[in-house]
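Please read the structure below before turning to the comments.
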Amino acid sequence: MTDQTLRLLPGSDLDLEMTLHSGQVFHWLRHGNGFLGAIGDHAVYVEQKGENLHASAEQAELVRHYFALDHPMDRILATFPRDETMIQAVQFSKGMRIIRQPNWECLATFITSALKQVQHIRAISLALRQRFGRSVHHGKFEARAYPRAEVLAGANLEALLECKLGFRAKNLLATAKIIASGEIDLEELGKRPTSEVRKTLCRLPGVGEKIANCVLLFAYERLDAFPIDVWIARMLRERYFAKRATVRLGDLQEFAAEYFGPYGGYAQQYLFHHWRLTQQGRRRSSEEPASWKLNPPMAR
DNA sequence: ATCCAGGATAGCG
DNA sequence: CGCTATCATGGA
């Protein structure tokens with residue numbers, strides 16, 4: 001297996017570690033100086049050295065596509081509003097990209113994300129992959145693919161509960177059955193307009209507005225989709241609705257859709273990353289948030 | 001021990 | 001429509 005250097009596009013940049021730990025994907029493992037994981041059914045090792053991203057030669061296009069190295073970051077950042085909160089988030093999250101995830105594993109993973117901390121989502125993803133996913137290889141590297149819908153549809157509830165899914169288990173199982181049956185074709189769905197995709201996704205058990213928007217943003221590349229989770233809601237209320245006493249979720253959605261522009265999803269991801277790391281450190285009594293930034297905690 | 005986590009949903013007025 | 005209780009699990 002040969003090692004190829006992928007040069008980043010001029011004027012753009014990538015922070016691999018930050019991107020992998022920003023709450024989009026939850027399965028990459030530190031390996032040597034890089035990361036080992038699966039992109040769909042491919043075992044992939046990636047390593048960043050300065051401006052360059054290293055990956056196997058025959059996986060160059062796969063890696064380039066997954067990490068969206070073609071996204072025009074300068075143009076995207078130029079569309080963001082110029083308020084203080086946004087500027088700070090962009091500075092803090094410089095180099096982060098919205099990854100292009102496979103449909104099913106994105107949908108399934110975010111169903112398991114409901115009311116869970118990032119580390120727990122990670123533990124669940126790894127447990128599901130270990131128990132139900134097939135082993136994939138590339139050269140000396142081995143990884144676990146995300147289990148296909150057909151496999152999870154055939155799993156029993158108890159086995160899923162052993163993977164610590166809690167009340168999410170029945171939702172994942174029910175949705176897996178619908179996808180496996182072909183009643184909803186995730187690939188075909190991607191050709192439909194955003195509002196229709198969102199509406200269809202929300203019909204699935206365990207999928208509401210927030211998770212549907214995550215799938216739109218992280219899998220269907222609708223870069224305007226703006227998921228509002230507890231962190232984003234808190235941030236919006238504090239920074240953009242400080243005067244108002246009562247702010248409904250609908251108010252936040254309406255505001256975000258027009259204020260953050262055509263790449264609102266990107267803005268959201270930068271805001272989420274910045275807010276989560278800084279506020280999490282602030283609420284913690286003992287340790288300093290600076291160490292989190294350099295070495296975010298990862299479940300084994 | 002108590003509270004919270006990249007929520008969804010049924011049940012209520 | 002808007003509000004609330006509830007759903008498992010683990011970490012802080």
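Values reported hereafter were calculated over all heavy atoms of this structure, with side chains retained and with hydrogens, waters and symmetry mates removed. None of these values were measured; they are calculated from a predicted model. Here is the naming used below: chain letters follow the sequence lines, and residue numbers restart at 1 for every chain.
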Across every strand shown, the nucleotide meeting Watson-Crick or G-U wobble geometry with C/dC7 (both distances under 3.5 Å) is B/dG7
_Test item: A/Y270 side-chain N/O and A/M86 main-chain N/O as donor-acceptor pair under 3.5 Å_ = no
Next on the checklist: I'd like to know if the side chain of A/R222 reaches the main chain of A/Y220, judged simply by a donor and an acceptor atom lying under 3.5 Å from each other, with no hydrogens or angles considered.
Outcome noted: yes
A/H120 NE2 to C/dT9 P, in whole Å, measures 12 Å
TODO: State whether the side chain of A/R148 and the backbone N or O of A/A180 hold a donor-acceptor pair below 3.5 Å, judged by distance alone.
DONE: no
Exercise for review: Give a yes or no on whether the backbone of A/T109 and the side-chain of A/T112 come within a donor-acceptor separation of less than 3.5 Å.
Suggested key: yes
| query | Taking the side chain from A/D251 and the backbone from A/R248, do they hold a donor-acceptor pair closer than 3.5 Å? | reply | yes
Rounded to whole Å, CG of A/D229 lies from P of B/dA8 at a distance of 10 Å
Practice problem: For B/dG6 versus C/dC3, give the span between their C1' atoms, rounded off to a whole number of Å. | Solution: 23 Å
Q. Using atom P of each nucleotide, how far apart are C/dG11 and B/dA8 to the nearest Å?
A. 24 Å
Report all interatomic pairs (protein N or O, nucleotide N or O of nucleotides 9-13 of chain B) with separations under 3.5 Å.
unit_1: B/dT9; atom_1: OP1; unit_2: A/G206; atom_2: N; d: 3.1
unit_1: B/dT9; atom_1: OP2; unit_2: A/V207; atom_2: O; d: 3.3

Check: Are the aromatic rings of A/F35 and A/H21 close, with centres under 6.0 Å apart?
Finding: yes
To the nearest angstrom, the NE2-P distance between A/H273 and B/dG6 comes to 13 Å
Ordered by number, residues from residues 244-256 of chain A within less than 4.0 Å of DNA chain B (heavy atoms) are none
From CD1 of A/I124 across to C1' of B/dG6 the rounded distance in Å is 12 Å
Practice task
Assess the pair A/F141 and A/H31: is the distance between their ring centroids shorter than 6.0 Å?
Solution key: yes
Can a donor-acceptor pair be found, under 3.5 Å and without considering hydrogens, that links the side chain of A/H27 to the backbone of A/A38?
yes
(message) Counting the atoms with a prime plus P, OP1 and OP2 as sugar-phosphate, which does A/S22 contact under 4.0 Å by heavy atoms, base, sugar-phosphate, or nothing?
(response) base
(Q) Please report whether the ring centroid of A/Y259 lies less than 6.0 Å from that of A/F226. (A) no
Atom CZ of A/R122 and atom C1' of C/dG11 are separated, to the nearest Å, by 16 Å
Using a cutoff of under 3.5 Å, can you pull out all pairs of nitrogen or oxygen atoms linking the protein to nucleotides 6-8 of chain C, with atom names and distances?
unit_1: C/dA8; atom_1: O4'; unit_2: A/F167; atom_2: N; d: 3.2
unit_1: C/dA8; atom_1: N3; unit_2: A/R168; atom_2: NH2; d: 3.4

From CG of A/N213 across to C1' of B/dG7 the rounded distance in Å is 13 Å
Here the distance between atom P of B/dA5 and atom CZ of A/F110, to the nearest Å, is 16 Å
Start with the C-alpha gap between A/S125 and A/R129, add the side-chain angles, then the distance that decides, and say whether side-chain hydrogen bond (donor to acceptor under 3.5 Å, both in side chains) holds. CA-CA 6 Å; A/S125 173; A/R129 287 170 185 272; 3.3 Å; yes
request  = Taking A/Q279 for its side chain and A/W231 for its backbone only, find out whether a donor-acceptor pair lies under 3.5 Å.
outcome  = no
Practice item. Applying side-chain contact (heavy atoms from CB on, under 4.5 Å), run through A/Y146 and A/L152 and close with a yes or a no. Key: CA-CA 10 Å; A/Y146 198 87; A/L152 290 182; 4.2 Å; yes
task = Answer yes or no as to whether B/dG6 has its base stacked against A/F272, where stacking requires a ring-centre separation under 5.5 angstrom and planes under 30 degrees apart.
result = yes
When rounded to whole Å, the CZ to C1' distance for the pair A/R276 and B/dG6 reads 8 Å
